[in-house]
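The next block holds one structure in the form of structure tokens; read it before the comments.
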Amino acid sequence: MVSFFLSLGANIGDRFEHLKKAIQLLKQEKGIWLESISNIYETDPVGFVEQPAFLNMVLGGKTELTPEQLLQAVLEVERKLGRVREVRWGPRTLDIDILTYGQETIAEGNLEIPHPRIQDRLFVLIPFAEIAAVQKIPVGKNQFQTPSQLLENVKDKSGVYKWKDIDWETELELIES
């Protein structure tokens, strides 16, 4: 079993519903166990800014899947929820990024772990630090930093706002009933 963290974001349609359904689909995946779910943050778009605001969050768990299998699982969840890749950093029903997979560093094909822009993304670091403040993230050869440490290094802390506190146990019971 390997620990992992995922970032989820949505800015098209019912953003909250897309995030809830993604969690439900991930919970149903064989070999994936979710253990922690952050609150949701509304965030200004980054990169391509002429689009609606995002709802973002971070999930943590354990898996028996290989990194490649985990990537295929999250891509399938995106597909099921209508993800279309037309514009880089453009609007989307759902975006799931693998932030970490254990303490591994992987760069092959379309799989890069830890996520290459994690240290620059306030909308990832804030919810990540909320659920795993001391999780070690590889940042160089035999060098690690935590989400909290990376967050301290971000100069501009604007554009990310807590959307609302979520009682995920109740929300997920409602989805499954």
Side-chain angles (χ1 to χ4, degrees), residues 1-12 18-19 21-38 41 43 45-48 51 54-154:
M1 298 282 274
V2 177
S3 66
F4 68 87
F5 288 90
L6 306 175
S7 172
L8 283 71
N11 76 334
I12 296 177
H18 292 312
L19 295 175
K21 285 182 180 175
I23 293 168
Q24 180 185 26
L25 290 169
L26 287 165
K27 285 181 68 165
Q28 294 170 358
E29 282 288 328
K30 290 183 180 173
I32 294 177
W33 293 269
L34 297 181
E35 297 178 327
S36 53
I37 305 174
S38 76
Y41 293 82
T43 65
V46 173
F48 180 68
Q51 60 181 317
F54 281 82
L55 291 184
N56 290 99
M57 63 187 304
V58 170
L59 309 177
K62 296 212 181 309
T63 187
E64 298 174 333
L65 303 179
T66 66
E68 294 78 10
Q69 291 170 326
L70 181 59
L71 176 62
Q72 290 311 309
V74 300
L75 290 174
E76 180 61 15
V77 169
E78 286 181 350
R79 187 195 65 73
K80 286 179 180 177
L81 292 174
R83 171 74 189 264
V84 177
R85 296 175 188 272
E86 293 176 339
V87 177
R88 184 172 188 194
W89 296 327
R92 60 205 85 157
T93 55
L94 182 69
D95 181 42
I96 304 176
D97 290 327
I98 302 173
L99 300 175
T100 64
Y101 181 89
Q103 294 183 348
E104 290 191 35
T105 300
I106 302 167
E108 49 191 49
N110 60 348
L111 183 59
E112 198 166 350
I113 301 174
H115 191 281
R117 289 171 295 286
I118 193 171
Q119 72 280 356
D120 302 322
R121 295 199 164 160
L122 196 60
F123 63 86
V124 169
L125 292 173
I126 290 175
F128 198 171
E130 178 185 306
I131 63 170
V134 297
Q135 174 68 35
K136 292 182 178 177
I137 301 168
V139 294
K141 188 173 181 176
N142 298 319
Q143 295 179 339
F144 299 90
Q145 286 194 309
T146 66
S148 295
Q149 289 170 323
L150 291 171
L151 187 54
E152 288 174 13
N153 295 330
V154 177

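Annotation for Leu34 and Lys27: closest pair CD1-CG, 3.6 Å, computed over non-hydrogen atoms. Residues Ile106 and Glu108 approach most closely at CG2-CG, 3.6 Å, considering heavy atoms. Looking at every heavy atom in both residues, Thr63 comes nearest to Gly31 through OG1-O, 2.6 Å. What you find for Pro114 and Glu104 is that their closest heavy atoms are CD-O, 3.8 Å. Looking at every heavy atom in both residues, Pro147 comes nearest to Leu125 through O-CD2, 4.1 Å. Here the closest heavy-atom approach between residue Gly60 and residue Ile131 is recorded as N-CD1, 4.0 Å.
Note that CG of Leu150 and CD of Gln145 are 4.5 Å apart. Values are rounded to the nearest 0.5 Å. Atom CD of Gln149 and atom CD of Gln119 lie 13.5 Å apart (nearest 0.5 Å). Between the CG atom of Leu59 and the CD1 atom of Ile37 there is a distance of 5.5 Å, given to the nearest 0.5 Å. Summarising the geometry, atom CG belonging to Leu6 is positioned 11.0 Å from atom CG belonging to Asp95; distances are rounded to the nearest 0.5 Å. Distance check, rounded to the nearest 0.5 Å: CD of Gln103 to CD1 of Ile137 gives 10.0 Å. Going from atom OG of Ser7 over to atom CZ of Arg117 covers 11.5 Å, rounded to the nearest 0.5 Å.
Residues passing the side-chain contact (heavy atoms from CB on, under 4.5 Å) test with Gln72, sequence neighbours excluded: Leu75. Residues passing the side-chain contact (heavy atoms from CB on, under 4.5 Å) test with Gln69, sequence neighbours excluded: Leu65, Thr66.
Using a 4.5 Å heavy-atom cutoff, the side chains of Ile126 and Thr43 are not in contact. Counting heavy atoms from C-beta on, the side chains of Phe4 and Ile113 never come closer than 4.5 Å. Looking at Pro67 and Ile98, their side chains never come closer than 4.5 Å, going by heavy atoms from C-beta outward.
Of the possible donor and acceptor atoms, one in the side chain of Ser148 sits under 3.5 Å from a partner among the backbone N and O of Ala133. Although no hydrogens or angles enter the test, the distance criterion places no donor-acceptor pair under 3.5 Å between the side chain of Ser38 and the main chain of Glu130.
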Verdict with reasoning, Asn56 to Arg121, per side-chain contact (heavy atoms from CB on, under 4.5 Å) = CA-CA 11 Å; Asn56 290 99; Arg121 295 199 164 160; over 6 Å; no
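Sorted by first and then second residue, the ring pair (Phe, Tyr, Trp, His ring centres under 6.0 Å) pairs with a member in residues 98-140 read Phe5-Phe128; sequence neighbours excluded.
The only option from Leu94, Asp97, Leu26 that meets the side-chain contact (heavy atoms from CB on, under 4.5 Å) definition with Val74 turns out to be Leu26.
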